[in-house]
Each structure stands twice: as C-alpha cells, then as structure tokens.
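Report on the following structure.
Atom set for the values below is all heavy atoms of this structure, side chains included, hydrogens, waters and symmetry mates excluded.
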Amino acid sequence: MKSLLLGVNKKRLLETIKVSSSIGSSEKGGLNRLALTQEDKMMRDVFVQWLYEEGLDVRFDDFGNIYGRRKGRIIDGPAVAVGSHLDTQPCGGRYDGILGVLTALEVIRVLNENNIETDYPIEIINFTNEEGARFAPPMLGSGGVAEEFTKDFIYSTRDDNEISFQEALREIGYLGDRRNRLKNVRSFIELHIEQGPILVNENKSIGIVEGIQGMSWFSVKVTGETNHAGPTPMENRKDALVPSAKMISKVNEITKKIDGLKTTVGKVNVKPNVANVIPGEVEFMIDIRHKDDEIRSYAIERLKEQLSTIALMNDMEVTITTDWHSDAVRFSPVVTDAIKEAADKWGYSSIKLFSGPGHDAKYMNKMAGSGMIFLPSINGISHNEDELTLDDDIEKGANVLLYVIRKLANN
C-alpha cells in the first residue's frame, strides 16, 4: 500500500470549489442555493457528472440523497460513507457543509489516479435539505435514511409557497427509489467548517469532533393584564414584560453557574406590542445546549423552578412548554482516533471539541460509528456571505480526510 500520507491536489480541489461557488452565487460573494430549487438542481447535475467521471456507481434515493459508490475488494462489504450537503441558507457562505462533499470527491480522485484499492467500498454522499432553510426541520435527507423521520412526514413538509418536499423533488428530477437508500455502513465521516471561533482562537488547524451537544427548546408564556399606560397606577399594573425580562436575565445567569452550558433567548413576542399599552402577555423561546444530557436536564429543572418563582412573586401566570429536544451524540472513538492519528502524522495542530449545531453525522451515527473533522471559520462566521475558511486549511482538512478514509476502508 502506498503511503497513507499521500496528499490531495490543492489546485484541483480549489478549482472544484470555485465551480460550486459560481452556482447560486449572491452579489456579496456568498451562495443562495436552497434545497430542491433550480440552483440546487444545477449543482446536483454538476456533482453527478463529476461522480460519473470518476467511474462511480451513481444513484439517488427517495429523499433525493445522491450517492457515488467506489467498489472495494470486498464487493458486498460494508461501505465507508463520507459526505455532507450542497444546499445553503438564503444568504449562505461558500464553504459550510459544501467542503464535506467536495473534499470527499477530491479523495476519490486521488485514489483513482494513484490506482489505490481499498478493502471496503467507499460511498460519497450529498444529503438533501441539511440546512432546513426551505423545508423545516433541517437534515431531512439524513434523518430520513436513518428513519428519524417518516417518509410521509418528509414528503408532506411544505415551503413558504406551499410546495411540498415531494413535489419539489419531482420537479428537479431527483425523486429516486427507496431501494437506493444507504445501508450496510461500516463507518461515516463528515468534514465541515466549525461555524464557531474555537479553532481560530486556539490557533488549531483540525477540530476532532467528539460529539454533538444535546439541545432543548422551550416556549415560555407569561400572562398578566393588558391596560392603558396613562391612567393605570404602577402599583395596580400586571405588566407581563417586567417579570419576563427578569426571567430572561435568569436564563443568562444560569450559564455562569454551570460550566459548558449554553442558553439563548432568540425569539420574543410581546402582546399587544403597542407603545402606550401595558403588555398583557409575553412569549419567548429558550434554547439550552450541553454535551452532557444529565447536566442539561438539571439546568432545565433549575431554570423552570426559577422562572416559576419569578412568576409567583409578580402575581403572574406562567406556562412552560417543551417544543423540541435532541439528546447529545457521542462519536465513535475508532473514527476520532483515526482523525487524531492523521493530524499527528501530517504535523497539523488539532484540538478535541463538541459541535454546537447538528449535522448529518448526527443521524448517520445511528447507522454506524461516525465522526467529524472541523476546519477553522475565520472570526467564527457561518451562515453568512462573509463566511471564510482559508485555502491552506481546506487542503489540510482534505489531507486528513484522505488518510482517515483509507484507514477506515482497509482491514
């Protein structure tokens, strides 16, 4: 076997990224390539052509996920799956999960031009609707394959124009067959930009992702009494916004007492939301995240107690509803160890960390041991046209990915 330190062709990889960056490009240098739009179709068509050019067996399933399979010596053996997504946010960047697909393609190109066989097959994948910008929730393609969502649920999901997922899939010509879904997987690896500042702040080139934080969303409804701002004395008011502000402050305060906890109140609705009317009702949403599910659960219970106490002391009614939760994910030590080994062999600096956002690897982990490689995001910016990962970091990530795939795809 040739050296595992065989590197990628940086010039070719950057040219491939350049082609992608021209499809659905925005005025400010980003991308607007929502899932199952014509822009997405154009990118898919180009990607499929690239797969055929590498002699891969190409197929797409009933969720529109695209697969390119490279045979291994063990013809029917479990595959090493690698990939991410090509769709973007409305004002997204050029890198995001796109790098995960295009660096995987470069890995295949390197293996082919060097006539390198692997024991096990390799499946390169573009998952549908990872972003969830057009069809919510996100990660419908990978979630469908992992049976996290039912086919009926995914197909009936509609965009803002009431077009269903199934209709959009059929419109762009990527409504495939259930028989083509990913199965018999040995392991899964996904390269992605960090979408945060840790790697840049720590001056590290490679992020070894140990897992994905668990997260919960709660709706809090505080009910007081609407009244006129002028004649109503302060002592007679039941202003729902005042205790709500105290509650939101508590949400932030709890993070100072529990290490690693992340909380966000990103949505607030005040009724009637008029300058001269005392707010009678306030609703806000809380996003709570931690890598340890027990700690997250403890934080949630403590926060509920504190919010209820504030409501009681202010003679308010409060209703706290769980909207959604997702348990933390721990990635396979086999995959994370391979990433660490690759970074060390290449002499790249690395750090272990957890992912805040969810990714396709979250659901793939239900099918096989998985892992992720993070690359630095300049200034921690993502889902933004200013998103930037440097060319040298892209090359380093692709070299690590090549090493890991070769290691995982051989006995």
Side-chain angles (χ1 to χ4, degrees), residues 17-44 46-47 63-66 83-103 125-144 149 154 157-165 168-169 171-172 174 190-197 200 212-213 215 217 262 264 266-267 285 287 289 324 326 355-363 372 374-389 394:
I17 295 169
K18 182 178 179 181
V19 173
S20 167
S21 301
S22 70
I23 301 174
S25 58
S26 63
E27 292 182 1
K28 295 182 180 180
L31 288 174
N32 182 354
R33 202 158 67 205
L34 300 185
L36 309 186
T37 58
Q38 287 303 306
E39 290 79 12
D40 187 27
K41 171 181 166 52
M42 291 171 62
M43 184 66 239
R44 285 165 169 264
V46 170
F47 177 60
F63 301 122
N65 298 316
I66 300 172
S84 192
H85 62 97
L86 293 170
D87 67 312
T88 75
Q89 292 287 332
C91 296
R94 296 173 292 161
Y95 305 97
D96 204 289
I98 295 167
L99 289 186
V101 180
L102 302 186
T103 54
I125 310 169
N126 168 45
F127 288 109
T128 302
N129 193 69
E130 191 276 347
E131 292 290 4
R134 183 181 179 192
F135 298 100
M139 300 180 291
L140 288 178
S142 55
F149 308 115
I154 293 174
T157 302
R158 295 181 178 274
D159 67 8
D160 292 340
N161 295 316
E162 291 300 314
I163 298 172
S164 74
F165 184 98
L169 201 54
E171 175 66 25
I172 67 167
Y174 278 90
E190 179 176 5
L191 181 147
H192 206 283
I193 65 170
E194 183 195 350
Q195 299 181 294
V200 171
I212 297 175
Q213 294 177 357
M215 60 190 82
W217 285 358
K262 296 176 181 176
T264 304
K267 182 178 181 180
M285 290 191 68
D287 179 309
R289 306 187 186 211
W324 178 76
S326 176
S355 173
H359 297 283
D360 290 313
K362 173 184 176 66
Y363 292 139
M372 293 189 72
F374 272 177
L375 302 186
S377 300
I378 300 302
N379 296 324
I381 293 175
S382 181
H383 286 181
N384 184 310
E385 291 165 306
D386 292 330
E387 177 184 280
L388 176 62
T389 294
I394 294 171

I'd like to check the ring pair (Phe, Tyr, Trp, His ring centres under 6.0 Å) partners of [X]; sequence neighbours left out, ordered by chain and number.
{"X": "H359", "value": "H192, F374"}
{"X": "Y363", "value": "F149"}
{"X": "Y174", "value": "F60"}

I98 side chain near H85 side chain, heavy-atom distance below 4.5 Å: no
Test of understanding: with side-chain hydrogen bond (donor to acceptor under 3.5 Å, both in side chains), list the residues that count as partners of [X], not counting sequence neighbours.
{"X": "S164", "answer": "E167"}
{"X": "S22", "answer": "none"}
{"X": "T157", "answer": "none"}
{"X": "E131", "answer": "Q89, H383"}

Excluding sequence neighbours, so at least two apart, what forms side chain to side chain contact (heavy atoms under 4.5 Å, CB included) with [X]?
{"X": "T128", "value": "L36, R44, N65, F165"}
{"X": "S326", "value": "M215, W324, K362"}
{"X": "M285", "value": "W217, S219, K267, D323"}
{"X": "N161", "value": "D159, I163"}

Can you tell me which residue pairs pass the salt bridge (Lys or Arg N to Asp or Glu O under 4.0 Å) test with a partner in residues 18-32, sequence neighbours excluded? none
For residues R94 and T389, is any side-chain donor paired with an opposing acceptor at under 3.5 Å? no
